[in-house]
Every structure is written in C-alpha cells, then in structure tokens.
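Here, residue 1 is the first one in the sequence, and each next residue gets the next number.
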Amino acid sequence: KIHWAEFSRDGGWIVTASSDGTACLWDAGSGTLQRKLRAHTAPVVLARFSPDNKTIVTGGSNGSIRVWDVASGEMIFRVEDRNSPLITFDLSPDGKRLCSVCRDDVVRLWNLETHTEIPLPIEQGAFVHAAFSPDSRLLVTSSYDTTARLWDADSGRPIGSSLTHDGNVASAHLSPG
C-alpha cells in the first residue's frame, strides 16, 4: 500500500512512501523504479524531497525519520524511532532544518547540516502541525489546545506569546513578506 507520493520540485522524480517500510524513487518521465530506500522498521507514511532535490526525507509510522542522498541512495541522517506515530514533518525552504510532529505531542527540530537536534523550550501540547516560513527563519506550530506559536528556527526560542483561538488550530502557515 502506498501512503504518500510526491513529485520533485523539478518534476523529474517521484518518491512514494509504502506500508512495507520502504520509500521508492521513480523516474517521472518513464515510470521506472530507480531505487528502493530501506531502513525503516515500520510503514513509511511520508516522503518529501528537499528544496534542491538532492535529498529525500522519509518518516515512519513509529516516528522514525531518515534522510537520504538521492544520487547514491545512501542514508545520511537518522532520527531514532520514537514509538509514537508520526503526524507530519516539514523541511525548511533553505533545506537546512527539519521539524517533526508525533502523536506523543512533541515537536522536534533538527539542524540538517550538523545532524543535531535544536532544543525547543516547549512543554508537551496537543501539537498537530508545524511549518517553516518561506525565508526559513521562523517555525509555526499549531495545536488542538487552541494555540499557534512562532519560533526562531535557528535557536528554537519562542517569539512573542501564543496566538490563542476559540477552537482547535489544525494547521498554520506563514506567508511570504
């Protein structure tokens, strides 16, 4: 079963995420399988290309995340299994950071250049979404606790106070400018 499919930004490739624990890279023009990416121990539920199409990020249903080199098919970074279902992840537009949201109500942020986690000083919340700003400087999180919050994507520090709504905030995005 395929859980996710996405075109590369240049339209030349497709990556699919499958219940057999693999992600597959396909030539979009011919439909030919180019390589299978295998390192997850659970179904792969999300797969995305980096903005420069040089890496693919895959996410497993158990919260595991893997970063792959498209040219070689080698895994270049691994986030250990969380044993908590992955809800979503997002790559910064500059390709330098990655954030993930799992059902354990934790948002995690990584520097993909140093392969280190950037601590976010947040308590657990009912997080359901996170997204980077178009300039990659900010991260916005949304939560079923009726809030959205802005974060500095380099330091992990909160910016201002929570944006409170009357109901659940299922998604939030930042517009350019």
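Counting only residues at least two apart or on different chains, the side-chain hydrogen bond (donor to acceptor under 3.5 Å, both in side chains) pairs with a member in residues 153-167 are Arg97-Asp154, Arg149-Ser162, Asp152-Ser155.
Contact of the Trp4 side chain with the Val45 side chain is not registered, since no non-hydrogen atoms from C-beta on lie closer than 4.5 Å. Residues Leu150 and Leu139 have side chains not in contact (no heavy-atom distance under 4.5 Å, counting atoms from C-beta outward). Within the 4.5 Å cutoff, side-chain heavy atoms of Ile65 are placed close to those of Ser100. Residues Leu138 and Trp151 are not in side-chain contact: their nearest non-hydrogen atoms beyond the backbone lie 4.5 Å or more apart. At least one side-chain heavy atom of Leu91 sits less than 4.5 Å from a side-chain heavy atom of Leu112. Counting heavy atoms from C-beta on, the side chains of Ser61 and Pro85 never come closer than 4.5 Å. Between Asp90 and Leu98 the shortest side-chain heavy-atom distance does not fall below 4.5 Å. You'll find the side chain of His3 stays beyond 4.5 Å of the side chain of Ser18, heavy atoms only.
Put simply, the side chain of Ser143 never gets that close to the backbone of Thr147: no donor and acceptor are under 3.5 Å apart. Although no hydrogens or angles enter the test, the distance criterion places no donor-acceptor pair under 3.5 Å between the side chain of Ser92 and the main chain of Ser136. Counting only distance, with no hydrogens or angles, the side chain of Asn53 and the backbone of Arg9 share a donor-acceptor pair below 3.5 Å. Under a 3.5 Å cut-off, the side chain of Arg66 and the backbone N or O of Val79 do form a donor-acceptor pair.
Thr22 and His40 are not linked by any side-chain donor-acceptor pair at a separation below 3.5 angstrom, with hydrogens and angles left out of the test. Side-chain contact of Thr116 with Trp110: a donor-acceptor pair under 3.5 Å is absent, judged by distance alone.
For Arg137, the CZ atom counts as loosely surrounded, since its 6.0 Å shell holds 12 or fewer non-hydrogen atoms of other residues, nucleotides or ligands.
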Requested in this report: Would you sort out whether Trp26 and Thr16 count as a side chain to side chain donor-acceptor pair (under 3.5 Å), showing the intermediate values?
Outcome: CA-CA 8 Å; Trp26 306 85; Thr16 56; 3.0 Å; yes
Report task. Take Cys99 and Phe89 through the side-chain contact (heavy atoms from CB on, under 4.5 Å) test and state the conclusion after the steps. Result -> CA-CA 5 Å; Cys99 68; Phe89 64 75; 5.9 Å; no
Query raised in the report: Under the side-chain contact (heavy atoms from CB on, under 4.5 Å) criterion, do Thr41 and Asn62 qualify, and how do the steps go?
Result: CA-CA 8 Å; Thr41 59; Asn62 60 356; 3.4 Å; yes
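Applying the side chain to side chain contact (heavy atoms under 4.5 Å, CB included) test to Phe7 and every residue at least two apart in sequence or in another chain returns Ile14, Ala28. For Val128, the side chain to side chain contact (heavy atoms under 4.5 Å, CB included) partners two or more places apart in sequence, or in a different chain, are Ser142, Tyr144. For Arg48, the side-chain hydrogen bond (donor to acceptor under 3.5 Å, both in side chains) criterion is met by no residue, not counting sequence neighbours. Applying the ring pair (Phe, Tyr, Trp, His ring centres under 6.0 Å) rule to His173 yields the partners His129; only residues at least two apart in sequence or on another chain are considered.
In terms of heavy-atom proximity, His115 sits nearest to Ile76 at CE1-O, 3.2 Å. Pairing each heavy atom of Val101 with each of Ala130, the nearest pair is CG2-CB, 3.8 Å.
Under the 4.5 Å side-chain heavy-atom criterion for Ile, Leu, Val, Met, Phe, Trp and Tyr, Leu109 and Val140 are members of distinct hydrophobic clusters. In the hydrophobic clustering of ILVMFWY residues, with side-chain heavy atoms under 4.5 Å counting as a link, Leu46 and Val57 come out together.
How far CG of Asp94 is from OG of Ser50: 11.0 Å, rounded to the nearest 0.5 Å. Put simply, CG on Leu33 and SG on Cys24 are 5.0 Å apart, with the number rounded to the nearest 0.5 Å. Distance check, rounded to the nearest 0.5 Å: OG1 of Thr55 to CZ of Phe77 gives 11.5 Å.
In the hydrophobic clustering (ILVMFWY side chains linked at under 4.5 Å, chained through shared members), Leu25 is joined by Trp13, Val15, Leu37, Phe49, Ile56, Trp68, Val70, Met75.
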